[in-house]
Amino acid sequence: MDHSLLMAILLLSPLVGFLINGIRYKNPTANLSGGIATAAVAISFISSLILVADLIGMPAEARKIHVSFFQWMAVDSFKINAAFYIDQISAIMILVITGVGSLIHLFSIGYMHHDKGVTKYFAYLNLFVFNMLILVLGDSLLTMFVGWEGVGLCSYLLIGFWFSDKEKAAAGMKAFITNRVGDAAFLLGMFVLFATFGTLNIQEMNALAPTTAEASWLGAITLGTLFLFIGATGKSAQIPLYVWLPDAMAGPTPVSALIHAATMVTAGVYMIVRLNPLFIVAPNTMMVIAIIGALTAVFAASIGITQWDIKKVLAYSTVSQLGYMFLAVGVGAFGAGMFHLMTHAFFKALMFLGSGSVIHAMHEEQDIRKMGGLKKYMPITHMTFFFGWVAIIGIPPFAGFFSKDEILWMSFHSPLGSPALWVLGAIGAAMTAFYMTRLMCLTFWGKSRVPKSVHPHESPTLMTIPLIVLGILSVVGGWVGIPEVIGHSLGDIPNLLEHWLHPVIKPIPNLTEAEHSMEWMLMGVSVSLATISAFIAYHFYVKSPETPEKIANSIKPLYNLISKKYLVDELYFGTIINPLINGSKRLWMFIDVNFIDKITYVISDLVRGGGGVVRALQTGNLQQYAMLIGIGIVIALSIIIMR
Amino acid sequence: MQSTNFLTEVGLNHYLILSALLFVTGMTGVLLKRNIIVMLMSIELMLNAVNISFVAFSKYLNNVDGQIMVFFVMTIAAAEAAVGLAIAVTIFKRFKEINIKFFEHLRG
Amino acid sequence: MKIDIGLADLIRISPMIAIFLASLIPLTSKLFNSNKEPSNLITLIQGLGGLIIGLVLLTVVGGSGETAFNKALIFDSLTLWMGIIAIVSAGAALIMMYENFSTNGNQFSELVFLALNSVVGMLILVSALDLLTVFIGLELMSLSLYLMIGMSHEEKLSKEAAFKYFVLGSFASAIFLYGTSFIYGTTGSTNLVTFMQEAVGLVQTNRLFLFGISFVILGFCFKVSIAPFHAWTPDVYQGAPTPHTAFMATAVKVVSFAALLRVIATKALVGSDGLFVVLQWLAVITMLVGNLGAIVQVNLKRMLAYSSIAHSGYILVGVITAGISDKGFFGASSVIFYLFSYCVMTIGTFAIVSILEKSEDHLVTLDSLKGLASKKPLHAFCFSLFLISLAGLPPALGFFGKFYLFNAAVGEGLIWLAVWGVINSVISVYYYLKPMVLMYMTEGEAEIAGHSLNATTVTVLASAVFIAILGVLSGPIFTAVEKSFIN
Amino acid sequence: MLLSTILFLPLIFALIVLIWPQDKTIRHVAFGLSIVEFIISLIVLKDFDASSAQLQMIEKHMWIERFGIQYFLGVDGISLWLVLLTTFLTPIIILASWNSIDTKIKGFHAAMFVLQTAMLGTFLAIDAIFFYVFWELSLIPMYFIVGIWGGARRIYATIKFFIFTMIGSVLMLVAIIYLMYLTQQASGHMSASLLEFYKVKIPFVGGSILNLQSLLFFAFSLAFAIKVPVWPVHTWLPDAHVEAPTPGSVILAGVMLKMGTYCFLRWVIPLFPDAAEYWAWLFLSLGVIGIIYGALVAMIQPDIKKLVAYSSVSHMGYIIVGMFVFNHFGITGSLYQMLNHGVSTGALFLLIGMIYERTHSREISKYGGLAGVLPIFTIFFFIITLSSIAVPMTNGFIGEFLILLGLHKAQPVYVYFAVTGVVLGAAYMLWMFKRVFFGEKGELVKDEKHPLKDLSVREIAVLVPLVVLVFWMGLFPNHFLDLTKSSVNHLVTNKNKYYLEIKE
């Protein structure tokens with residue numbers, strides 16, 4: 001079929017879904033509106049499949065489908081078309097978005113069944129998918145930015161979906177404003193790049209990118225890419241701007257699965273991979289990305305250990321895994337980054353949906369201290385969650401192992417990386433294993449702490465099908481991109497993903513040949529670390545539940561600090577938001593009320609005073625007036641004479 | 001014979017000084033005296049001072065226009081006096097008071 | 001020197017004679033039917049008839065440029081325009097006198113007689129070329145005015161105002177005369193034409209002449225209420241009955257400025273830098289005093305008095321420009337146009353005030369305006385139009401008056417005066433808006449005087465229409481005024 | 001003859017409304033008449049030739065021959081859309097003020113029509129004095145609208161508004177007179193037409209402020225800065241908005257602020273190019289301060305109308321910054337932002353007016369949980385908030401993006417501060433949105449005595465055109481920018497020796 005028609009269907013079917021549900025937003029039937037929404041996303045999934053099939057058909061170098069609908073903006077030399085194009089990278093992304101998206105839509109039908117605003121919910125979800133597709137397929141940075149903010153808007157709507165509750169509304173607002181800070185940086189990045197390249201079209205910019213690395217920090221490309229990265233931290237919740245993601249759990253769980261695990265948060269990584277020719281030439285930015293990625297991974301993992309809300313643990317795990325992706329991209333392993341992005345989408349979406357079905361079963365109970373031993377009540381959810389767990393901590397045959405190991409290896413091996421980064425990564429991996437196992441033990445294994453009033457039951461089939469599909473994917477997903485060192489040893493299974501992305505990804509400059517022994521050795525170290533911390537966690541939380549209490553009390557201050565999320569929120573409020581608000585009160589009072597208005601009052605009093613003087617002159621006494629005339633004449637004459 | 005200096009010979013300046021003096025006395029009369037009638041009189045004084053200066057100039061320039069003007073001034077002074085007195089009478093009838101200190105109602 | 005006063009001179013002063021004879025009619029008719037006051041309407045018609053005849057004759061005879069009575073009077077375009085404005089304003093004042101409480105009593109015929117005589121004095125003053133004729137015109141006008149104010153039915157304030165006006169008026173005319181005597185002393189004649197040419201030189205060399213000219217100008221400054229000599233204006237304007245205040249604020253001010261213009265035309269300002277500077281400072285102080293004084297006023301008439309002082313300040317700027325401009329009559333014609341627009345506005349405004357007066361001793365305060373818009377929307381609208389025009393806001397005639405004035409000032413390089421004038425008109429906006437606020441934006445029970453006042457309302461409407469229409473059409477009028485000077 | 005009809009038709013309508021017999025049908029008549037006016041103005045749009053940068057549909061007759069003042073009307077790329085914005089907003093305002101204005105209805109509609117004439121005159125007049133007449137004329141009807149139908153402190157607010165604007169514009173009058181004398185020196189006969197002003201070479205020397213071009217530049221820009229309002233002289237705007245009735249604030253925010261920015265583009269930048277360039281840093285920093293200060297202060301306002309008023313101070317800061325960058329992006333962006341601000345802030349005030357009609361209170365703290373009670377109102381309010389925060393796909397984004405792009409291209413330093421405006425904008429609007437629409441039901445929302453009912457058909461009819469415009473201008477800006485392209489191009493390319501011809 002003709003590409004532009006397909007592209008139109010791909011993009012517009014979620015929009016049509018949004019419009020249909022939007023108009024009938026009052027109607028409470030979940031199945032009907034859910035059906036429409038899922039159908040819309042499924043249609044775009046099918047059309048993306050066809051498009052990707054066409055793409056595969058094309059010769060390796062020229063794999064590109066470009067469709068331009070209309071000229072959006074044209075001011076002098078700045079021309080932007082509403083144009084979209086699919087290449088190898090965006091092919092993966094649209095498959096992930098529409099695929100995982102439709103699964104999550106299916107799941108939400110069951111999950112949001114008894115909510116009266118369900119049609120509105122599905123409308124927002126479809127709008128989100130529409131915006132995400134624009135972000136991914138955007139031909140120029142500006143079209144991407146349209147999707148970028150559109151996605152932020154939808155996450156605002158969905159997080160604050162149950163707006164009657166003040167905290168949930170506040171979480172939505174917080175998400176939007178933090179994203180907006182990132183978007184402001186994104187804007188600055190666009191301006192710098194437009195100033196240097198004269199265009200914002202991604203293809204043209206990649207072509208124009210210089211080949212020699214740019215040394216100085218204030219070089220045009222470094223500055224531009226740095227701003228883009230700050231924008232990415234806003235969207236993909238890295239160190240400075242990650243605060244909104246944990247609060248975003250206030251939204252319904254499928255939303256967290258779709259937006260805050262699979263698609264939106266990965267936008268930052270995707271943007272960097274898409275502009276990899278630019279980033280590869282800015283070593284300073286790459287260094288910054290790598291460091292922040294690694295730090296976030298460890299930092300978020302440490303908080304994840306101390307959280308008691310099931311969704312908060314998963315949220316911090318997402319932030320940590322995103323840290324890994326940025327670490328991969330930061331050291332130039334764009335392929336590994338994309339690979340981890342894909343696998344993470346599968347198992348994290350799986351676990352969020354799993355936690356969704358747990359919460360659904362436990363009647364909105366999210367605190368894992370009141371769960372435990374749900375294995376026997378929810379076998380399917382437990383089994384699928386088990387697969388997710390195994391994938392994320394990086395046990396060999398599963399997806400997580402291949403992608404995470406690739407990242408750890410490249411962070412050690414790549415010239416842009418360094419052993420320190422590998423160490424951070426390894427520690428992060430160990431912590432991930434610990435808190436994920438802790439989560440598994442506290443929710444599924446161990447003795448049941450479920451309160452009497454609640455008796456959990458398996459979620460309906462409508463919700464378990466997506467779980468099963470995602471479970472399979474998170475197992476199988478890893479084999480797509482098996483690192484060649486393992487591939488060779490297991491009878492040269494080709495690294496399909498690497499091979500697929502190769503023409504579009506710039507190779508890392510002066511990358512030395514990897515000796516396999518070192519790679520095996522590092523792989524062994526990281527896997528063993530992960531398994532050991534998993535056993536410790538199993539021991540803590542299943543064998544002797546009271547030991548974690550003892551340890552926690554022994555390092556009381558540190559434990560409290562971490563469990564209160566290093567007081568980062570309070571820090572932001574204290575240093576930025578509150579002073580801003582009080583400062584602007586004083587500012588308004590000082591400038592508007594006391595300064596400018598005061599001047600107007602002073603002038604009007606001056607004028608009134610002048611009037612008083614003139615009035616005093618008019619004493620009414622005749623002779624006073626004659627005196628005035630006399631004096632007037634004398635003064636006038638003296639001046640006339642003198643000059 | 002004696003030298004014609006300022007003291008002995010009465011020239012134009014003397015008359016001018018005289019009229020100036022008269023004018024100033026008239027002026028102070030208006031400024032200081034509280035009685036309405038006295039004010040009227042001092043206004044007449046000022047006008048007569050002007051007459052003197054007119055006549056002095058006319059004599060000095062020996063052209064007769066000055067003196068003709070004096071007639072005009074005198075007639076108008078008379079008319080003024082009549083009007084002034086008429087107003088003074090109405091004020092007295094109404095306020096029973098001749099001293100201008102009492103009618104300062106219009107002020108501010 | 002041969003003095004020939006023939007028929008031609010008599011024809012030239014025919015407007016004055018006509019008005020004088022007309023002023024006698026009401027008195028003689030009263031005389032004949034044994035001192036019984038004829039109906040006010042008839043007297044009014046007789047008075048207006050006299051004025052109209054005078055106006056017609058003036059348009060016929062004026063503007064021809066000839067002089068009469070051996071160059072004592074001149075009938076150039078200044079006389080024509082100023083005469084017309086004076087007569088029209090006097091007519092409007094007469095109409096107001098007919099309906100105002102404090103003036104339409106049993107002595108209305110005497111009042112009309114005095115008013116018409118005052119107009120005769122004005123015409124003499126306007127056409128006077130000889131300082132002595134100026135003095136005569138001045139005195140005739142003022143004396144009849146003093147009596148008119150004194151005759152008001154209101155006992156207390158008007159008598160006091162009359163006396164104050166009398167004393168200060170004669171005081172100032174004495175000063176004027178003193179100056180004339182000095183001028184006569186130095187140049188041998190009091191006729192402006194004779195010392196017109198060498199005035200510039202005389203002013204620098206001869207100290208006595210400079211004194212003379214200064215005294216004359218300062219004498220005039222009293223009459224047009226310029227700053228230090230303005231003290232009488234608020235009291236007299238408030239004390240006098242409203243029609244007389246209108247009469248004084250418009251007609252008297254116009255003709256006094258005309259005479260001042262003639263004296264200034266002798267280019268004395270060019271000669272003596274001191275005089276030029278003093279007049280500028282006088283203009284500045286007048287505007288300031290006028291505007292500042294008006295802001296704190298509570299009594300409406302007193303506020304309008306201060307506003308008329310401020311307007312004298314603006315006009316003085318025009319007079320200074322006329323004084324120093326050597327080419328063309330741009331300055332003088334801008335003064336004339338401004339006076340024309342000023343008169344139209346002031347007549348309308350005082351007509352409104354006289355409508356608001358319920359009895360002869362009712363002092364119209366600003367609060368009595370509250371809620372006028374809901375009671376009398378038409379009067380309120382007209383009054384707002386006058387206020388907008390007085391403030392100099394564009395669509396109205398006042399703006400164009402000020403525009404031409406400041407345009408002339410900038411033309412002659414007096415930019416700082418123009419800026420000062422413009423800032424003052426902003427200050428004036430504040431107190432011009434106050435009545436509009438009270439009328440439209442506050443509730444209250446302002447009420448028009450009981451019986452029907454259609455004649456004054458007609459005046460109000462006429463001036464409102466003038467302001468609205470002539471504002472836009474001011475171009476042709478201004479060129480007509482200027483062209484009449486050139487030929 | 002087309003421009004004169006558009007210009008003076010509203011005056012005739014004002015008369016018709018004043019003498020209309022029965023009170024009941026006044027509003028319908030006024031609404032119908034304003035629709036007629038809008039349709040006629042569409043003809044101007046049809047006849048406008050987008051390719052030429054010259055002044056079109058010229059009407060030139062001598063008015064005051066002595067000073068060369070002419071009755072001179074003309075429209076070009078820069079003023080076209082503002083004329084249409086005026087005629088587009090007036091019927092909406094009349095429809096919106098159906099039952100919010102219930103006293104002296106005739107007076108209100110007459111004042112609204114006179115105001116429309118004044119605004120159209122400001123945009124169409126090419127002769128200086130002719131322009132000045134309309135510029136001042138706009139003060140009087142606004143004075144009455146705010147003064148008579150306003151809130152509690154309306155008298156203070158309206159006098160402050162009047163005096164503030166008046167101070168600036170009288171200085172401009174003296175500057176215009178001086179320019180007229182310059183034309184006389186330059187070309188022999190005095191003329192007040194803008195085309196002649198452009199031809200005058202006004203001497204400019206850097207360094208001090210006391211040279212001629214700088215003085216004239218500041219005289220003009222003070223008048224327009226007060227109207228925009230630029231930062232230090234903005235305090236009249238919040239008072240005027242809070243006290244003005246809904247239609248008053250809509251027309252004030254919708255069009256009257258644009259008179260200031262338009263005049264900067266028409267009268268200041270081309271007329272005094274060197275001074276504008278020399279003092280650009282001053283206006284850029286004032287604009288940026290305006291953006292940040294406006295946003296910050298808007299954040300902490302307790303009164304929703306004051307919040308929106310300060311938000312328009314912030315938006316106008318963007319426009320000023322866009323203009324003093326003198327490149328294609330900046331000027332096109334600021335022109336576009338004028339239209340956006342007209343639409344989005346106008347709509348915001350309409351919405352506030354609608355909720356004010358129901359609850360008679362503007363205290364944000366008294367609201368809360370409105371989204372549950374008034375869903376349709378919330379949807380409209382949210383869309384307009386998006387446009388006001390400049391979210392992509394809405395009109396606000398295009399304008400702000402272009403301005404920031406232009407700013408970065410010309411003066412990169414300022415852009416880092418201006419961009420914070422984007423974040424602060426989102427902060428105060430969403431914070432207000434949260435406090436008013438989300439969370440528990442506020443005291444106004446939950447009292448049963450008079451339950452709030454959702455938008456009536458009329459109110460929806462008022463808002464729909466604005467929402468359609470928000471998305472239309474957001475997605476297809478070229479439909480609007482094509483018409484301004486040649487004029488902006490002309491302005492940017494020969495900014496230093498600017499000239500305008502007349503298209504016969």
Heavy-atom nearest pair, S214(C) first then L637(A), reads CB-CD2, 3.6 Å
Search all heavy atoms of A636(A) against all heavy atoms of L218(C) and return the closest pair with its distance.
CB-CD1, 4.0 Å
Under a 4.5 Å heavy-atom cut-off, does chain A meet the side chain of V289(C), its backbone, both or neither?
both
Step through the shown structure and confirm whether more than 12 heavy atoms of other residues, nucleotides or ligands are within 6.0 Å of CZ on F69(A).
yes
Residue pair P228(C) / G632(A): nearest heavy atoms and the distance that separates them
CB-CA, 4.1 Å
Would you say L622(A) and W232(C) make side-chain contact, with heavy atoms under 4.5 Å?
no
Under 4.5 Å from any heavy atom of chain C, what part of L617(A) do you find: side chain, backbone, both or neither?
side chain
So Q618(A) and Y306(C), side chain to side chain contact (heavy atoms under 4.5 Å, CB included) or not? Walk me through it.
CA-CA 11 Å; Q618(A) 292 291 116; Y306(C) 274 105; 3.0 Å; yes
What closest approach, in Å, do D235(C) and G620(A) show between heavy atoms, and which atom pair accounts for it?
OD2-CA, 3.8 Å
Okay, I175(C) and chain A: the region with an atom under 4.5 Å from a heavy atom over there is side chain
Counting only non-hydrogen atoms closer than 4.5 Å, does F171(C) touch chain A with its backbone (N, CA, C, O), its side chain (CB onward), both, or neither?
side chain
Honestly, the part of I427(C) sitting under 4.5 Å from a heavy atom of chain A is side chain
Reported CD1-to-OH distance for the pair I633(A) and Y178(C), which is rounded to 0.5 angstrom
12.0 Å
Non-hydrogen side-chain atoms of R615(A) and R302(C) separated by less than 4.5 Å
no
Taking everything shown except K79(A) itself, do over 12 heavy atoms lie less than 6.0 Å from its NZ?
yes
Do I641(A) and R207(C) touch side chain to side chain, with heavy atoms closer than 4.5 Å?
yes
Taken to the nearest 0.5 Å, the spacing of I640(A) CD1 from L210(C) CG works out to 6.0 Å
May I ask you to name which of K164(C), H230(C), E160(C) has the most heavy-atom pairs under 4.5 Å with chain A?
K164(C)
If we ignore angles and hydrogens, is there a donor and acceptor under 3.5 Å between the side chains of Y430(C) and R608(A)?
yes
Could you tell me whether W281(C) atom CH2 has more than 12 heavy atoms of other residues or ligands within 6.0 Å of it?
no
Taking all heavy atoms of Y625(A) and all of A231(C), pick out the closest pair and write down the distance.
CD2-CB, 3.4 Å
Under 4.5 Å from any heavy atom of chain A - which part of F215(C):
side chain
Please report the C-alpha distance between V607(A) and I295(C) in whole Å, then the side-chain angles of each, then the deciding distance to 0.1 Å, and finally whether the side chain to side chain contact (heavy atoms under 4.5 Å, CB included) criterion is met.
CA-CA 8 Å; V607(A) 164; I295(C) 283 182; 3.1 Å; yes
With a 4.5 Å cut-off on side-chain heavy atoms, are F222(C) and I629(A) touching?
yes
G293(C) to V614(A) - nearest heavy-atom pair and separation
CA-CG1, 3.8 Å
